[in-house]
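Before anything else, here's the structure in question.
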Amino acid sequence: MAYWLMKSEPQGFGIDHLQQRGIALWDGVRNYQARNFLRQMQAGDQALFYHSNCKVPGIVGLMTIVKGGYPDPTQFNPEHRYYDPKSTLDQPRWTGVDVEFVEKWSEILPLSALRDIPELEDLPLLQKGSRLSLMPVTMAQWHAILAHKPNA
DNA sequence: GCCAACGTTGGC
DNA sequence: GCCAACGTTGGC
């Protein structure tokens with residue numbers, strides 16, 4: 001069982017969308033480093049849902065991986081914005097996973113607060129210039145974050 | 001909306 | 001294989 005942090009823009013697909021849907025395909029990842037992490041994900045892994053590129057970026061809730069890495073279907077659809085003409089059914093380039101909603105936090109745990117947690121010093125999210133959209137989280141980092149989960 | 005940092009593309 | 005140009009990410 002592994003821990004992850006996954007970013008999404010709330011205006012596109014946010015925690016509220018996932019809560020409504022229950023289970024959703026995490027698609028559209030078109031970065032090789034992130035893709036390689038998706039391939040490592042397994043059913044039962046836990047993940048933090050992070051809102052990026054918005055007014056207050058930060059962690060907003062939890063989810064579980066319910067289906068490990070499999071070919072992201074959007075890469076094969078010419079009509080889709082995530083279509084990749086270089087991808088074939090035989091040799092798919094891109095991977096997706098299915099995630100299931102676990103909980104939405106009562107408040108966001110903002111990026112600015114994450115920067116104040118010493119255990120997170122090495123988290124890629126907090127490195128200057130990092131654009132990695134999903135990343136592994138160590139058990140120590142996971143527990144440090146959950147210890148700061150807002151509860152109002 | 002700005003813009004620095006980043007990843008990818010493609011000519012050479 | 002180099003690297004300039006380009007498009008994208010994402011905090012602010």
Side-chain angles (χ1 to χ4, degrees), chain A residues 2-21 24-41 45-65 68-99 101-138 140-142 144-150 152:
Chain A
Y3 301 103
W4 308 93
L5 181 145
M6 301 168 77
K7 295 188 198 174
S8 185
E9 302 188 10
Q11 58 269 49
F13 183 81
I15 188 81
D16 292 335
H17 297 99
L18 181 59
Q19 182 165 26
Q20 207 168 10
R21 304 247 302 264
L25 165 66
W26 199 274
D27 61 10
V29 172
R30 296 293 181 266
N31 167 281
Y32 290 103
Q33 198 181 354
R35 193 261 333 249
N36 293 342
F37 288 135
L38 282 173
R39 288 184 172 172
Q40 293 175 27
M41 290 187 184
D45 287 359
Q46 294 186 264
L48 301 152
F49 198 127
Y50 180 92
H51 280 179
S52 67
N53 199 17
C54 53
K55 205 171 222 171
V56 181
I59 295 167
V60 291
L62 301 178
M63 53 195 168
T64 301
I65 310 303
Y70 65 99
D72 176 351
T74 64
Q75 68 193 307
F76 306 123
N77 180 359
E79 308 296 315
H80 202 282
R81 61 181 290 238
Y82 296 141
Y83 176 60
D84 184 346
K86 297 194 190 128
S87 204
T88 64
L89 284 166
D90 289 355
Q91 303 244 313
R93 289 185 149 195
W94 305 113
T95 299
V97 296
D98 286 350
V99 297
F101 177 83
V102 172
E103 66 183 26
K104 178 185 175 180
W105 291 356
S106 61
E107 296 171 38
I108 192 168
L109 178 57
L111 176 62
S112 57
L114 296 175
R115 294 195 187 283
D116 292 335
I117 303 176
E119 290 91 337
L120 303 185
E121 192 185 2
D122 296 329
L123 189 65
L125 178 78
L126 304 183
Q127 308 312 307
K128 180 177 158 70
S130 170
R131 289 170 26 179
L132 192 57
S133 68
L134 60 97
M135 65 197 73
V137 173
T138 67
Q141 290 167 342
W142 179 271
I145 291 166
L146 288 200
H148 288 79
K149 168 180 153 181

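So you know, we letter chains A, B, ... as the sequences are listed, proteins then strands, and number each from 1. For the numbers below, each heavy atom of this structure counts, side chains included, while hydrogens, waters and symmetry mates do not. Everything numeric here is computed off the predicted structure, so don't read it as measured data.
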Taking the side chain of A:Lys128 as its heavy atoms from C-beta onward, which of C:dC12, B:dA5, C:dG10 lies nearest to it?
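Nearest to the side-chain atoms of A:Lys128, counting from C-beta on, is B:dA5.
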Starting from C1' on C:dT8, measure out to CD on A:Gln33 and report it in whole angstrom.
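Result: 16 Å.
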Are the side chains of A:Ile15 and A:Trp105 in touch, meaning some heavy atoms are under 4.5 Å apart?
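No. Closest side-chain heavy atoms not under 4.5 Å.
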Are OP1 or OP2 of B:dG1 and a side-chain N or O of A:Lys55 less than 4.0 angstrom apart?
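False: A:Lys55 side-chain N/O out of range (4.0 Å or more) of B:dG1 OP1/OP2.
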Residue-phosphate contact under 4.0 Å: A:Tyr50 side-chain N/O, C:dT9 OP1/OP2:
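No, A:Tyr50 has no side-chain N/O under 4.0 Å of OP1/OP2 on C:dT9.
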Can you tell me which nucleotide in B:dT8, C:dC12, C:dG7 comes closest to the side chain of A:Leu111?
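Taking heavy atoms from C-beta onward, the closest nucleotide is C:dC12.
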For the pair A:Tyr32 and A:Trp94, evaluate ring-ring contact (aromatic ring centres under 6.0 Å, His included) and give the outcome as yes or no after the intermediate values.
CA-CA 8 Å; A:Tyr32 290 103; A:Trp94 305 113; 4.7 Å; yes
A:Leu132 CG to B:dG7 P, straight-line distance once rounded to whole Å
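Roughly 9 Å, once rounded to whole Å.
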Considering only C:dG10, B:dG7, C:dG11, which nucleotide approaches the side chain of A:Asn31 most closely?
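Within the option list, the nearest is B:dG7.
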Spacing of A:Met6 atom CE relative to C:dG10 atom P, expressed in whole Å:
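It is 13 Å, rounded to the nearest whole Å.
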Select one nucleotide: of C:dG11, B:dT8, B:dT9, the one nearest the side-chain heavy atoms of A:Pro57.
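Of all the options, the side chain of A:Pro57 is nearest to C:dG11.
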Starting at atom CG of A:Leu126, determine the distance to atom P of C:dC12, rounded to an integer number of angstrom.
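The answer, rounded to whole Å, is 10 Å.
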Can you check the A:Met135 CE to B:dC6 P distance for me, whole Å?
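It is 14 Å, rounded to the nearest whole Å.
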How do A:Arg30 and A:Asn53 order along DNA chain B: which one's closest nucleotide is nearer the 5' end?
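The residue mapped nearer the 5' terminus is A:Asn53.
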Donor-acceptor pair, A:Asp27 side chain versus A:Asp72 backbone, under 3.5 Å?
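A pair under 3.5 Å: no.
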Measure the distance from CD1 on A:Ile59 to P on C:dG10 and round it to the nearest whole Å.
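For the pair A:Ile59 CD1 and C:dG10 P, the rounded distance is 15 Å.
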Should we count CD of A:Gln20 as having more than 12 external heavy atoms under 6.0 Å?
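No.
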Judged by modelled atom types alone, do A:Asp90 and A:Thr88 share a side-chain donor-acceptor pair under 3.5 Å?
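Short answer, no.
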If you only use heavy atoms from C-beta on, which nucleotide in C:dG11, B:dC6, C:dG10 is closest to the side chain of A:Lys7?
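Selected nucleotide: C:dG10.
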From NE2 of A:His51 over to C1' of C:dG11, roughly how many Å is that when rounded to an integer?
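So the NE2-C1' distance, A:His51 to C:dG11, works out to 16 Å.
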Which is more 5' along DNA chain B, the nucleotide nearest A:Arg131 or the one nearest A:Arg93? Just name the residue.
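By nearest-heavy-atom nucleotide position, the 5'-most residue is A:Arg131.
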Just the rounded figure in Å: distance from C1' of C:dG11 to CD of A:Glu9.
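So the CD-C1' distance, A:Glu9 to C:dG11, works out to 12 Å.
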